[in-house]
Amino acid sequence: MDVSEIGYGAWGIGGKQWQGGTDDESVRALHRAFELGLNFIDTALAYGDGHSERLVGQVLPSAPHPIYVATKVPPKNRTWPATPGSAIDDVFPYDYIISCTEESLRNLKLDAVDLQQLHVWDPGWTVRDEWKRAFEDLKKAGKIRAAGISINDHQPDTALEVIKTGLIDSVQVIYNIFDQTPAEQLFPLTQERNIGVLARVPLDEGSLTGTITEDASFAGDEFRSFYFREDRKKQVVEHVAKLEEDLKREPGTLPEIALRFCLSHPAVSSVIPGMRRVRNVESNCNVSEQGPLSAELLAKLKNHAWNKNFYR
Ligand SMILES: NC(=O)c1ccc[n+]([C@@H]2O[C@H](COP(=O)([O-])OP(=O)(O)OC[C@H]3O[C@@H](n4cnc5c(N)ncnc54)[C@H](OP(=O)(O)O)[C@@H]3O)[C@@H](O)[C@H]2O)c1
């Protein structure tokens, strides 16, 4: 699949966990992204309990070119990330993978999705049959064209074994200036095996846009009020200040450089920033024309890797 380098991360437009957007603005942002050549959307059944998928389904018929759509099967036990050692029967039983896919197709008003992904992963499931049979049967029925997994937060190496089975087509992984660990073992293997890579959370949920200040506030039930809780905004401000010091002489804004960082790795098929606003779509879609960052800058950015897990 020839997906655009910039894909559309559609978590935020699902609402609920992301507030401060409107459906109207999301629809305009999606249309603008299509106009600018974007042809790939990453959504999930869990995003706003199907709301993100329904919005995507609403805009697809008026897209000016074919759009590749990826979605995800939520864990049946609604536990993100997967608890290590959890039983696959509680998370991804065969019938459940099939029925969730059918529900996504109804939301998206499609006969098939281009990519179906498992929304969490545990390496213990590599040897299990349930997900393999479900993906195989969905492909045979023409309901999915490709199948992949979305790797648990900051644990890229937990996908190494499943990639070696040859039974998945893609992985989705956190990859950004702060978390560069996928480049160590995961990316060389995906390149060797010709596996698609979707780089998610390229802006570290907003940290790498430079807009998270110490007094930034989010609605109490918003995901970001958890992610940026306690002294985390202060930590972000300190890390971003050091980063900006190193970028002083570089052309382009921080979010542009953050996205170009992801695209500079040849293993990455598409980077999928969340972008609910037209202005963010315009700025982000502009990035793919700018090419990779220089080797000197990439070397400097290595020093800004930051080992943290704000999802916990
Ligand atoms: N487990 C999983 O599989 C999983 C988990 C997380 C994410 N994902 C996927 O990855 C996608 C991206 O992650 P994300 O959306 O959580 O985080 P992200 O892309 O790292 O950051 C999104 C934030 O950056 C802001 N933003 C985007 N472009 C900007 C720009 N040019 N200038 C300033 N601000 C900008 C957005 O603004 P607005 O708030 O105005 O939109 C939003 O607040 C998701 O949408 C989803 O598709 C998957």
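First listed ligand is number 1; within each ligand, the first listed atom is number 1. Atoms considered below: every heavy atom in the structure, side chains included; atoms not considered: hydrogens, waters and symmetry mates.
- Closer than 4.0 angstrom to ligand 1 sit non-hydrogen atoms from Gly9, Ala10, Trp11, Trp18, Asp42, Tyr47, Lys72, His119, Ser150, Gln172, Arg200, Val201, Pro202, Leu203, Asp204, Glu205, Gly206, Thr209, Arg224, Pro255, Ile272, Pro273, Gly274, Arg276, Arg277, Asn280, Ser283, Asn284.
- Test Cys285, Ser288, Pro273 against Leu259 for side-chain contact (heavy atoms from CB on, under 4.5 Å) and you get one pass: Pro273.
- Looking only at atom types and distance, the side chain of Trp121 has no donor-acceptor partner in the side chain of Gln155 under 3.5 Å away.
- In terms of the ring-ring contact (aromatic ring centres under 6.0 Å, His included) criterion, His304 has no residue partners (sequence neighbours excluded).
- In terms of heavy atoms, Ala112 sits closest to Arg145 at CB-NH2, 3.9 Å.
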Step-by-step ring pair (Phe, Tyr, Trp, His ring centres under 6.0 Å) determination, Phe40 to Tyr68: CA-CA 5 Å; Phe40 177 66; Tyr68 295 104; 7.4 Å; no
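- Panel note: side chain Asp122, backbone Gly85; a donor-acceptor pair is recorded below 3.5 Å.
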